[in-house]
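Notes follow once the structure below has been shown.
Because the structure is a prediction, the values reported are computed rather than measured.
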Amino acid sequence: MASIWAGNSYCVRRKVGALIVKDKMIISDGYNGTPTGFENICEDENNTSKPYVLHAEANAITKIARSNNSSDEATLYVTASPCIECAKLIIQSGIRRVVYGEHYRLTDGIDLLKRAGIEVVYLPLEECKE
């Protein structure tokens, strides 16, 4: 489902989707893109991501902050492994498990999650589509 949600992204270079699940229910979702009210164009004229583009995990976590839900003890499903900045948000939000489908070129986010005692599971996207 996170892969399907990634399809909502307007980003051209990479589409990423995230779902936060608690007690077998989806309590939040997100995909990478620009902040609310901004144009839905993620890349500049050089095909570089604009600095204000939000990652899917950040969008899902900030959506929780605006709701009556709590992400304590939840699981985050995300199509790409979290970067270090998103890993910090995941730790602070109380999420206890992260399942991701593609490796990002840097591993510092995954390393930080493991250091914080968060369960990290790699589940290749190809296996999810079978």
Hey, can you pull the donor-acceptor pairs under 3.5 Å for the side chains in residues 104-124, sequence neighbours left out?
unit_1, atom_1, unit_2, atom_2, d
T107, OG1, D111, OD2, 3.2

Open item on the list: Give me each pair satisfying ring-ring contact (aromatic ring centres under 6.0 Å, His included) with a member in residues 60-90, each pair once, sequence neighbours excluded.
Closed with: none
Task: Nearest-0.5 Å distance, CG of residue L76 to CG of residue L89 - done: 10.5 Å
Open item on the list: Under the rule for salt bridge (Lys or Arg N to Asp or Glu O under 4.0 Å), what residues qualify as partners of E102, not counting sequence neighbours?
Closed with: R14
Task: Residues clustered with Y31, ILVMFWY side-chain links under 4.5 angstrom - done: W5
Open item on the list: Within the structure provided, determine whether K63 and N69 are in side-chain contact (heavy-atom separation under 4.5 Å).
Closed with: no
Acceptor/donor pairs from residues 15-25 side chains to any protein atom, 3.5 angstrom cut, sequence neighbours excluded:
unit_1, atom_1, unit_2, atom_2, d
K15, NZ, S9, O, 2.6
K15, NZ, C11, O, 3.0
K22, NZ, S70, O, 3.1
K22, NZ, D72, O, 3.2

Open item on the list: Taking side-chain hydrogen bond (donor to acceptor under 3.5 Å, both in side chains) as the cut-off, I'd like each qualifying pair that reaches into residues 42-52, sequence neighbours left out, listed once.
Closed with: R13-S49, E39-K50, E39-Y52
Open item on the list: Please report the interatomic distance CD(Q92) to OG(S71), rounded to the nearest 0.5 Å.
Closed with: 10.5 Å
Task: Working for side chain to side chain contact (heavy atoms under 4.5 Å, CB included), residues N32 and N59 - done: CA-CA 7 Å; N32 57 327; N59 267 326; 5.8 Å; no
- [ ] Give, for atom CD of E57 and atom CD1 of I95, the distance between the pair rounded to the nearest 0.5 Å.
- [x] 9.0 Å
Open item on the list: On a heavy-atom basis, which atom in S28 and which in A60 lie closest, and how many Å separate them?
Closed with: OG-O, 2.7 Å
TODO: Please answer: with hydrophobic residues joined when any side-chain heavy atoms are less than 4.5 Å apart, are I26 and I61 in the same cluster?
DONE: no
Open item on the list: Hydrophobic clusters here meaning ILVMFWY residues chained together by side-chain heavy-atom distances under 4.5 Å, can you tell me if V12 and V53 are in one?
Closed with: no
Open item on the list: Under a 3.5 Å distance rule, please check whether T79 uses its side chain to pair with a backbone N or O of S3 as donor and acceptor.
Closed with: no
Task: Chi angles and distances behind the side chain to side chain contact (heavy atoms under 4.5 Å, CB included) call for I64, I27 - done: CA-CA 8 Å; I64 286 277; I27 60 170; 3.6 Å; yes
Task: Euclidean distance, N40 CG relative to T34 OG1, rounded to 0.5 Å - done: 4.5 Å
